[in-house]
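See below for the structure under consideration.
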Amino acid sequence: MSNSEREEAVVEMRNITKMFGSFTANNNIDFTLRKGEVHALLGENGAGKTTLMNILYGLLHPDSGEIFICNSRVRMKNPAVAIAHGIGMVHQHFMLVQPFTVTENIILGCETTKTGWILDIAAGRKKVRDLSEKYGLQVDPDARICDITVGMQQRVEILKALYRGAEILILDEPTAVLTPQEIIELQKIMRNLTANGKSIIIITHKLKEIKQSADRCTIIRRGHYIDTLDVSGVTERELASRMVGREINFSIDKKECSRGNRVLELRDLVLFNKRNIRMLNNLTLDVHAGEIVGLAGVDGNGQSELIESIMGVLPVSSGSIFINGTDMANKAPRKVIESGIASIPEDRQKRGLVLEHSVSENMIIENYYRKPFSSKGLLDKISVNKHARELIERFDIRPDDPQIKAGALSGGNQQKVIIAREVSNNPDLLIAAQPTRGLDVGAIEFVHRTIIEQRDRGKAVLLVSFELDEILQLSDRIAVIYEGKITGVLNAQNTDENEIGLMMAGGAHNES
């Protein structure tokens, strides 16, 4: 690095190495952030991106290497030291107290008082409102976290960092849970922040968003530094090949759909949530063997409730859920799974995994009581570990240790554990909700191929995704959901984003 480059660096990490036992997460990595830039940290799942940023934020300590903030060497003993040096981090899974208001969450831990001991909520609220207006965040200081969207919760996390004086923001997979509209809004917010002198690091593997948002990009692969590039001078394909070390096939090859019998029949489903709001409104839909039906819709229009009602997690008020001709409405989840359904849940940590259990235990969590995993009420650990090792190798899960806790894996590798488990159960119907959320392009390629393989083997697939590109590429038919009702079913080959987008917003579908 030249002297002029060093002068404009607000963060410089030199020769950072971090090991977990025998596994090297970061191997002698260099990273530099300039003032006023958006710098993308790009890498596959398990490449070491989040580990490197957790070191910068003081959550982890490197085994070797140095950190400089504005050319001064700093030892990041804990997050308090990082915050004191103007660093804020917005984690992939938000750290907010759901019943609290926006203001209460933001001031928590750095409250101001008046007359010595009385909490000054009004002062905190005013500062939150001022920051929100300054950076175009448009957050209501008095809204409760449980009542606002995921995208708005992310803004609260950004505000929380700004409230503490952050000049450097680390955003870990910032678009993983956002709708397309929320992604556009986040990009505007990042531009406002950098225009006001802030510097931003985004941990991501979404190439399109790197091209849209970032000034520079540092690529790491399996814990090693690969390159730092000006984003304007490279294509998405070049970024992808440098990230995974091989050429990526962005097109999806699939043969023509061969539809069989109905596997899933949903008839006039009605479901109310805890607040007695109707979330499913006489919803009717079929999914046949040998086809992929994509469910497109803006988040909050009943997708989550639909999946959970099919899986027996939420009771329906009326209607039928036929699986291979048998009505499974309001049956216990185990009975539903045994009827031939597998589900990749949209929230891998809440619904998909027991984070404190090992990878091998999570692999059998739905059929632990069956042979060969169990005999006379006792687990056969040899069979459990053999099964886990086979799936770890097949799905390229990293690190390849079946005994590591699921909570210690990166988000993308946690998703791979779930997909491996569900597909290996050989279901008649696979429900895939946001199956590539948080995955890199190499893993996405693998997941898409896996889903198509299920369809080509005669399985029925219900795909729920906020990624319209994914819906259009994978689906044979596309059902659009709006306010808990299917507003139309389209042939995927005869539609486009504009028609689907209109229907997602409540526009009419003209039958041809």
Side-chain angles (χ1 to χ4, degrees), residues 10-11 33 35-39 53-54 56-59 69-70 74 76-175 177-178 182 185-203 213:
V10 291
V11 171
L33 175 69
K35 183 174 177 61
E37 77 168 343
V38 176
H39 194 130
M53 290 300 102
N54 281 340
L56 178 59
Y57 192 58
L59 288 168
I69 306 297
C70 297
V74 177
M76 294 296 183
K77 293 185 290 186
N78 52 53
V81 174
I83 292 168
H85 283 85
I87 299 174
M89 186 168 185
V90 177
H91 300 272
Q92 184 176 355
H93 300 283
F94 306 146
M95 299 181 180
L96 299 170
V97 183
Q98 292 293 316
F100 282 16
T101 66
V102 168
T103 298
E104 289 166 346
N105 268 276
I106 290 171
I107 69 174
L108 188 64
C110 55
E111 301 88 344
T112 56
T113 58
K114 54 186 177 182
T115 65
W117 57 277
I118 300 174
L119 188 63
D120 194 348
I121 291 284
R125 183 187 295 110
K126 182 180 185 304
K127 186 176 178 181
V128 168
R129 193 180 299 278
D130 290 346
L131 285 169
S132 177
E133 291 175 358
K134 179 177 180 179
Y135 296 108
L137 291 162
Q138 299 176 333
V139 173
D140 178 3
D142 298 315
R144 294 194 180 278
I145 298 300
C146 58
D147 294 330
I148 62 178
T149 66
V150 171
M152 199 60 69
Q153 289 181 36
Q154 184 180 66
R155 298 185 190 195
V156 175
E157 288 280 23
I158 292 172
L159 267 174
K160 191 163 66 173
L162 295 172
Y163 189 90
R164 287 156 175 75
E167 294 295 323
I168 299 158
L169 282 169
I170 305 166
L171 308 181
D172 189 359
E173 299 289 355
T175 65
V177 294
L178 302 187
E182 288 171 332
E185 290 301 314
L186 176 64
Q187 290 169 347
K188 290 179 183 177
I189 289 166
M190 288 195 293
R191 285 193 288 272
N192 285 339
L193 289 165
T194 54
N196 280 275
K198 308 296 184 184
S199 305
I200 299 174
I201 303 167
I202 55 172
I203 305 171
S213 305

Quiz item: Does T101 reach the main-chain N or O of A143 with its side chain, forming a donor-acceptor pair under 3.5 Å?
Solution: no
Quiz item: Is the backbone N or O of Y163 less than 3.5 Å from a side-chain atom of K127, with the two atoms forming a donor-acceptor pair by type?
Solution: yes
Quiz item: With distance as the sole test, does K160 use its side chain to make a donor-acceptor pair with the main-chain N or O of M95 at under 3.5 Å?
Solution: yes
Quiz item: Do side-chain atoms of T194 reach the backbone of M190 as a donor and acceptor pair under 3.5 angstrom?
Solution: yes
Practice problem: May I ask you to test the H91-L59 pair for a side-chain heavy-atom distance under 4.5 Å? | Solution: yes
Practice problem: Could you tell me whether a side-chain N or O of T103 sits under 3.5 Å from a main-chain N or O of R125, the two making a donor and an acceptor? | Solution: no
Practice problem: State, yes or no, whether a side-chain contact exists between I145 and V97 at a heavy-atom distance under 4.5 Å. | Solution: no
Quiz item: Does some side-chain heavy atom of H39 sit less than 4.5 Å from a side-chain heavy atom of V11?
Solution: no
Practice problem: Indicate the atoms forming the closest heavy-atom contact of D142 with R129, along with that distance. | Solution: OD2-NH2, 4.2 Å
Quiz item: Is there side-chain contact between I69 and M76, with at least one heavy-atom pair below 4.5 Å?
Solution: yes
Exercise. Check whether any side-chain heavy atom of L186 sits under 4.5 Å from a side-chain heavy atom of Q154, and report yes or no.
Key: yes
Quiz item: Do the side chains of N196 and K134 get nearer than 4.5 Å, heavy atoms only?
Solution: yes
Self-check item: Contact check, side chains of N192 and L137, non-hydrogen atoms, under 4.5 Å
Solution: no
